[in-house]
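In what follows, a single structure is set out as structure tokens and then discussed.
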Amino acid sequence: MSKKQKYYTVWEGVNPGVYNSWKECEKQIKGYEGAKFKSFETIKEAQDAFMSSCWEYIGKNAVNTKPTPNYRNLPSSEQPKLNSIAVDAACSGNPGKMEYRGVDVNTGIEIFRQGPFENGTNNIGEFLAIVHALALFNKTNPHIPVYTDSKTALAWVKAKKSKTKLGMDEQNQYIFQLIERAEKWLRENKFNNPLIKWETEKWGEIPADFGRK
């Protein structure tokens, strides 16, 4: 999954303030005893937090926490299409053990899962997950939408080719066989299933998320 821009508030550190990268934030807190900091989705949230007590945002008694979005709490007109499939991947390390799966958005039932495979990447998993869903439903349900939160994987599917920079080794040969198979399927098949970008900020984590963030 692609990473979003985050902002970091440092209440106690070398130079307290708001920083727009983890690298800059880390300089202020690394080795600083009692450092207090937190990440935010927007610059305004980070700035507002800096002007407030850190205890409103961190610790078990935090009172100013942002509610987690959930598509099921939205009006039906603002929800994703419930009759759909969501796909996602997880990778412990980069590269590392990679797996992917597809889930029914309406019921949360897992439709398929593959892996874990050694020495893969998240982008590869996201790409394979989309193609797996397309191949699975191409004939049985050719109009069911497929959601993914990966812009990279969508671009690879559109190009009908993986653009991974990962090198092949003894551990991940099978992953590259899966990539080759997926690329071949895309070249040789047409599909009508809509591919849609999952709006995480509005709907919350994609239902196929592995919950390991």
Heavy-atom closest pair, residues Thr200 and Pro69:
O-CG, 4.0 Å
If you measure from NZ on Lys6 to OG1 on Thr42, what distance do you get to the nearest 0.5 Å?
12.0 Å
Taking only residues two or more places apart in sequence, or in another chain, which ones meet Lys160 in a side chain to side chain contact (heavy atoms under 4.5 Å, CB included)?
Leu186
What is the distance from atom CG of Asn70 to atom CD of Gln79, rounded to the nearest 0.5 Å?
9.0 Å
With sequence neighbours excluded, what pairs up with Lys27 under the salt bridge (charged side-chain N to carboxylate O under 4.0 Å, His left out) test?
Glu24
Looking only at heavy atoms, what is the nearest atom pair of Cys91 and Thr121, with distance?
SG-CA, 3.8 Å
Scanning both residues in full, the closest heavy-atom pair of Ile179 with Ser162 reads CG2-CB, 3.7 Å
Would you indicate whether the side-chain heavy atoms of Leu195 and Leu134 approach each other to under 4.5 Å?
yes
Separation of Ile175 CD1 from Ile124 CD1 (nearest 0.5 Å):
6.0 Å
Distance in Å, Asp209 CG paired with Asp149 CG, rounded so as to fall on 0.5 Å steps:
7.5 Å
Over all atoms of both residues, closest heavy-atom pair of Arg101 and Pro207:
NH2-O, 3.7 Å
When you group the ILVMFWY residues by side-chain heavy-atom contacts below 4.5 Å and let the links chain together, are Phe112 and Tyr174 in the same group?
yes
Using side-chain heavy atoms (C-beta onward) and a distance below 4.5 Å, is Phe50 in contact with Pro16?
yes
Any Tyr7 side-chain heavy atom under 4.5 Å of Gln47 side chain:
no
Given side-chain contact (heavy atoms from CB on, under 4.5 Å), test Leu74 with Lys202 step by step and report yes or no.
CA-CA 9 Å; Leu74 296 173; Lys202 179 180 179 180; 4.2 Å; yes
For a 4.5 angstrom cut-off between non-hydrogen side-chain atoms, does Leu178 reach Phe117?
yes
Would you please name every residue forming a side chain to side chain contact (heavy atoms under 4.5 Å, CB included) with Pro80, sequence neighbours left out?
Tyr71, Tyr147, Trp198, Trp203
Considering only heavy atoms from C-beta outward, does the side chain of Leu154 approach that of Lys158 to under 4.5 Å?
no
Rounded distance [0.5 Å steps], CZ in Phe176 versus CE in Met168
6.5 Å
Quick one: side chain to side chain donor-acceptor pair (under 3.5 Å) partners of Asn119, sequence neighbours excluded?
Asp169
Which residues share a side chain to side chain contact (heavy atoms under 4.5 Å, CB included) with Ala182, sequence neighbours left out
Phe127, Leu128, Val131
So Thr164 and Asn123, do their side chains get closer than 4.5 Å, heavy atoms only?
no
For side-chain contact (heavy atoms from CB on, under 4.5 Å), just list the numbers for Tyr8 and Gln28, CA-CA rounded to whole Å, side-chain angles, deciding distance to a tenth of an Å, and then say yes or no.
CA-CA 11 Å; Tyr8 300 84; Gln28 314 309 319; over 6 Å; no
Could you tell me which non-hydrogen atom of Glu126 sits nearest to which non-hydrogen atom of Ala153, and how far apart they are?
CB-CB, 3.6 Å
Could you give all pairs that pass the side chain to side chain donor-acceptor pair (under 3.5 Å) test and reach residues 175-188, with sequence neighbours left out?
Lys184-Glu188
Please lay out, stage by stage, how Val146 and Thr148 fare under the test side-chain contact (heavy atoms from CB on, under 4.5 Å).
CA-CA 7 Å; Val146 177; Thr148 174; 5.8 Å; no
Are the side chains of Trp11 and Ile58 in contact, using a 4.5 Å heavy-atom criterion?
yes
Say whether Ile130 and Phe210 are linked into one hydrophobic cluster, either directly or through other cluster members, by side-chain heavy-atom distances under 4.5 angstrom.
no
If the condition is salt bridge (charged side-chain N to carboxylate O under 4.0 Å, His left out), which residues does Glu12 pass it with, not counting sequence neighbours?
Lys36
Listed by chain and number, what are the side chain to side chain contact (heavy atoms under 4.5 Å, CB included) partners of Asn106, not counting sequence neighbours?
Arg72, Leu82, Asp104
Over all heavy atoms of both residues, which pair between Leu166 and Gly120 is shortest? Give the atoms and the distance, please.
CD2-CA, 4.1 Å
Under 3.5 Å, which donor-acceptor pairs link side chains of residues 137-144 to any protein atom two or more places apart or in another chain?
{"residue": "Thr140", "atom": "OG1", "partner": "Leu136", "partner atom": "O", "Å": "3.3"}

Identify, with sequence neighbours excluded, every residue that meets ring pair (Phe, Tyr, Trp, His ring centres under 6.0 Å) alongside Tyr19.
none
Is it the case that one hydrophobic cluster holds both Ile85 and Trp156, taking links as side-chain heavy atoms less than 4.5 Å apart, direct or via other members?
yes
Val14: hydrophobic cluster co-members (side-chain, 4.5 Å)
Tyr32
Is the side chain of Asn172 donor-acceptor paired with the backbone N or O of Gly167 at a distance under 3.5 Å, no angle test?
yes
So, using salt bridge (charged side-chain N to carboxylate O under 4.0 Å, His left out) as the criterion, who are the partners of Asp48 when residues are at least two apart?
Lys44
Find out whether Gln114 and His132 are in side-chain contact, i.e. whether some heavy atom of one side chain is under 4.5 Å from a heavy atom of the other.
yes
Ser39 OG to Glu45 CD distance, which is reported to the nearest 0.5 Å
10.0 Å
